[in-house]
Number of protein chains: 2
Amino acid sequence: MTVTIREIAKQAGVSRGTVDRVLNDRPGVKPEVRDRILSIVAELNYVPNIAAKALAYQKKPLVFGIVMPPQEIQFFEAIRNGIGVAAEELKDLGVRLEYRFVDNKSPEEGAAAIRELVEAGVSGIMFSVMDDELIRASIDYAAERAVPIVTFNSDVELSKRICFVGQDLHKSGMVAAGLMNRVLQANAKVLVVTGNLKFHAHRSRVEGFKQGLAEHGNKLEVLQVIEGFDRYADTYLQLDCALNANPDLGGIYMATGDIGACVDVIKHHKQEGKLRVVCNDLISPAILGLRERIIDFTIVQNPERQGYLSLRILFDHVFAGKQPESEHHYTETHIYIPESL
Amino acid sequence: MTVTIREIAKQAGVSRGTVDRVLNDRPGVKPEVRDRILSIVAELNYVPNIAAKALAYQKKPLVFGIVMPPQEIQFFEAIRNGIGVAAEELKDLGVRLEYRFVDNKSPEEGAAAIRELVEAGVSGIMFSVMDDELIRASIDYAAERAVPIVTFNSDVELSKRICFVGQDLHKSGMVAAGLMNRVLQANAKVLVVTGNLKFHAHRSRVEGFKQGLAEHGNKLEVLQVIEGFDRYADTYLQLDCALNANPDLGGIYMATGDIGACVDVIKHHKQEGKLRVVCNDLISPAILGLRERIIDFTIVQNPERQGYLSLRILFDHVFAGKQPESEHHYTETHIYIPESL
DNA sequence: ATGAAAGCGCTAACAT
DNA sequence: ATGTTAGCGCTTTCAT
């Protein structure tokens, strides 16, 4: 049978109120009583009933804070949708959300947002802005006040967040290599475009790609790794130059950066369909490129799921005391071609 | 503010019991009172609180029946996992499951299982066995008794099920064609293997494949559509024969049927890695084939999600009165290569 | 430090 | 036909 607080109380010879205090780490219980109750809880394998808890919370709903870049950033749209799905499921369980949209270039804003939310008494925070010392300090500040934080999409490493939910960048590079290996002949030449190799996140995909090629016996040759700094002009100029220099180019892997620039260069060189192109994410230039048959594949790591899971993990942690299964939760890697859209 | 039954009762000048009767279509309410209450419900945009409902149901938990092929069938493992995830989420909301594993070749067993579950008083049924007249009659029988049925993985067309959750077979054929078009040269020759062209389900993938080729300007030639009848021997013999007859073959699309047979024929002909091979699902022979680099791609339509969504749709229907968004709910189509496993 | 009791929104058994 | 009331399991306030 399901074991309830009432049952625990009876066995321990105390009232339900006391059991509740113990279960929720509230003060005012003699240590020996607390221990006795805890041992009974463990023995009987007590698990709180979510519905009952939720109902009791209706008076004072739990609030979760969400700190992320502004609405305009298209990439985050899918993530927001996923958050919305989870929020819908959790609505009746007494959960409310509090959004803070902050500039993803300025750590100050993000750090301040976290502190504000903690002061405001939120029960947990989802965070995705950037990895920075200031942010790390804020996360630890929250952690000290027992406010759990889940980072999503981009991690803040070495911080006291309970979990990161996002993509496995190295793996997406490996998959890109796998695709290139299947669509290009042996000895074909490829270009890799990334943002800035100083950033760990940007390097990961490139490293994954190279490892993927190596595991296939390095049948393809990487001519050059272009740093486009996520800017259209830099990317365009360098790609243009590289295409001029290598008329026998086989393919381009757009690991990070401006996909529009890549598409435009290919059009300018009238190489539509002649080069194999692999990029990431389902953002509009990628979708257009796929439809125009300029891009062959785009690799996606389920951003909707990232949003959904982050909130769900936070909820399960706060409400059911569940620890995340692992510190890193990677969403599945999927390959899209125009037919699969 | 959240509007509750109490509020409705006050506005209608009746008791909460009466409102509850109306809301749950139970008899014993004067028509005019019922109408008055319903109009207030609509006006105030009343939505029942799931947590409260769930709590009240703890005494007599809702039971959902699940009718599917036996545990041994590997393909269904992922679906069962998905059902498990949903069940876990719904456990505290007062939901229990009642499984009936039946032979997927015999409609009698499936039809009987449905009737038994209805008699036993389940609140909804998930069904996946086969499309048959006997089954259809049982589904309609359940529907008449207000027991909603969701079919999953394989539909029972023209029946009174509230929704089908599964793959879009035509689309998976289209995607297969898209892949072949990307990995093969123009004018390459391909074979298609299916189970039995008499079955609508088996035909769909083949038709999708042909349409996909057509939309690319028919650059590839389909030499033959082999019917393997899902048997190893038939598939092996015909493929073996076709490979002998066509030394210049470019690729094989295993739309339906025994993947192991295909892999073995390729090994026998020492064509590992020389033919491009696309198949479906993440079952063990496909995974092995991918790892051995004999199969290039396998197309998957998220069976885990099929299980999860079927139960969730049923629950939302029964518990929150939600209608499925559409009669067919297709899960996403994904492409796997060994690197993405 | 602990117990008792009210209440979260809904259902269902029992009264009228 | 309709009203009343006792739970469902947990939290929280108010007594003690």
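If you're wondering where the values come from, they're calculated on a predicted model, not measured in any experiment. Quick note on labels: first sequence line is chain A, next is B, and so on, each numbered from 1.
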A:E89 meets the salt bridge (charged side-chain N to carboxylate O under 4.0 Å, His left out) criterion, sequence neighbours left out, with A:R312
For residues 155-168 of chain A, the salt bridge (charged side-chain N to carboxylate O under 4.0 Å, His left out) pairs (sequence neighbours left out) are A:D155-A:R161, A:R161-A:E327
When rounded to whole Å, the CG to C1' distance for the pair A:N49 and D:dG9 reads 6 Å
Using 4.0 Å as the upper bound for N to carboxylate O, is an ion pair formed by A:E332 and A:R305?
-> no
Here the distance between atom P of D:dC10 and atom CG of A:L62, to the nearest Å, is 16 Å
Whole-Å distance, B:I8 CD1 to C:dT11 C1', equals 16 Å
Contacts under 3.5 angstrom, residues 58-67 of chain B side chains, donor-acceptor by atom type, not counting sequence neighbours:
{"from": "B:Q58", "atom 1": "OE1", "to": "A:N49", "atom 2": "ND2", "distance (Å)": "3.4"}

Per the under-4.0 Å heavy-atom filter, residues of residues 27-34 of chain A near DNA chain C come out as A:G28, A:V29, A:K30, A:V33
Residue set satisfying side-chain hydrogen bond (donor to acceptor under 3.5 Å, both in side chains) with B:E133, at least two apart, ordered chain then number -> B:R136
Terminal axes of the helix from C:dA1-D:dT16 to C:dT16-D:dA1 (5 end pairs apiece), angle rounded to 10 degrees, sit apart by 50°
Nearest-nucleotide check on DNA chain D, B:G13 vs B:Q58; residue mapping nearer the 5' end is B:G13
Contacts of B:F101 meeting ring-ring contact (aromatic ring centres under 6.0 Å, His included) (sequence neighbours excluded), chain-then-number -> B:Y99
Check your understanding: Do B:R34 and B:L38 come close enough that some side-chain heavy atom pair is under 4.5 Å?
Key -> yes
Atom CG of A:L93 and atom C1' of C:dC8 are separated, to the nearest Å, by 13 Å
Residues at least two apart in sequence or cross-chain that pass ring-ring contact (aromatic ring centres under 6.0 Å, His included) with B:F315, listed by chain then number, are B:F319
B/S/- along nucleotides 11-16 of chain D (protein heavy atoms under 4.0 Å) is SBB---
- Task: Using a cut-off of strictly less than 4.0 Å, decide whether B:T4 has a side-chain nitrogen or oxygen near OP1 or OP2 of C:dG9.
- Result: no
Rounded to whole Å, the CG-P distance (B:L55 to C:dC8) equals 13 Å
Whole-Å distance, A:E7 CD to D:dC8 C1', equals 16 Å
Taken to the nearest whole Å, CZ/A:R36 to P/C:dA1 is 15 Å
Taking only distance into account, with no hydrogens and no angle test, what donor-acceptor pairs under 3.5 Å do side-chain atoms of residues 24-33 of chain B form with protein atoms, sequence neighbours excluded?
{"from": "B:N24", "atom 1": "ND2", "to": "B:D20", "atom 2": "O", "distance (Å)": "3.0"}
{"from": "B:N24", "atom 1": "ND2", "to": "B:D20", "atom 2": "OD1", "distance (Å)": "2.9"}
{"from": "B:R26", "atom 1": "NH2", "to": "B:D20", "atom 2": "OD2", "distance (Å)": "2.2"}

Contacts satisfying ring-ring contact (aromatic ring centres under 6.0 Å, His included) that involve residues 115-159 of chain B (not counting sequence neighbours) are none
task: Examine D:dT2: is either OP1 or OP2 under 4.0 Å from a nitrogen or oxygen in the side chain of B:T18? Give yes or no.
output: no
Those residues at least two apart in sequence (or on a different chain) that pass salt bridge (charged side-chain N to carboxylate O under 4.0 Å, His left out) with A:D92 are none
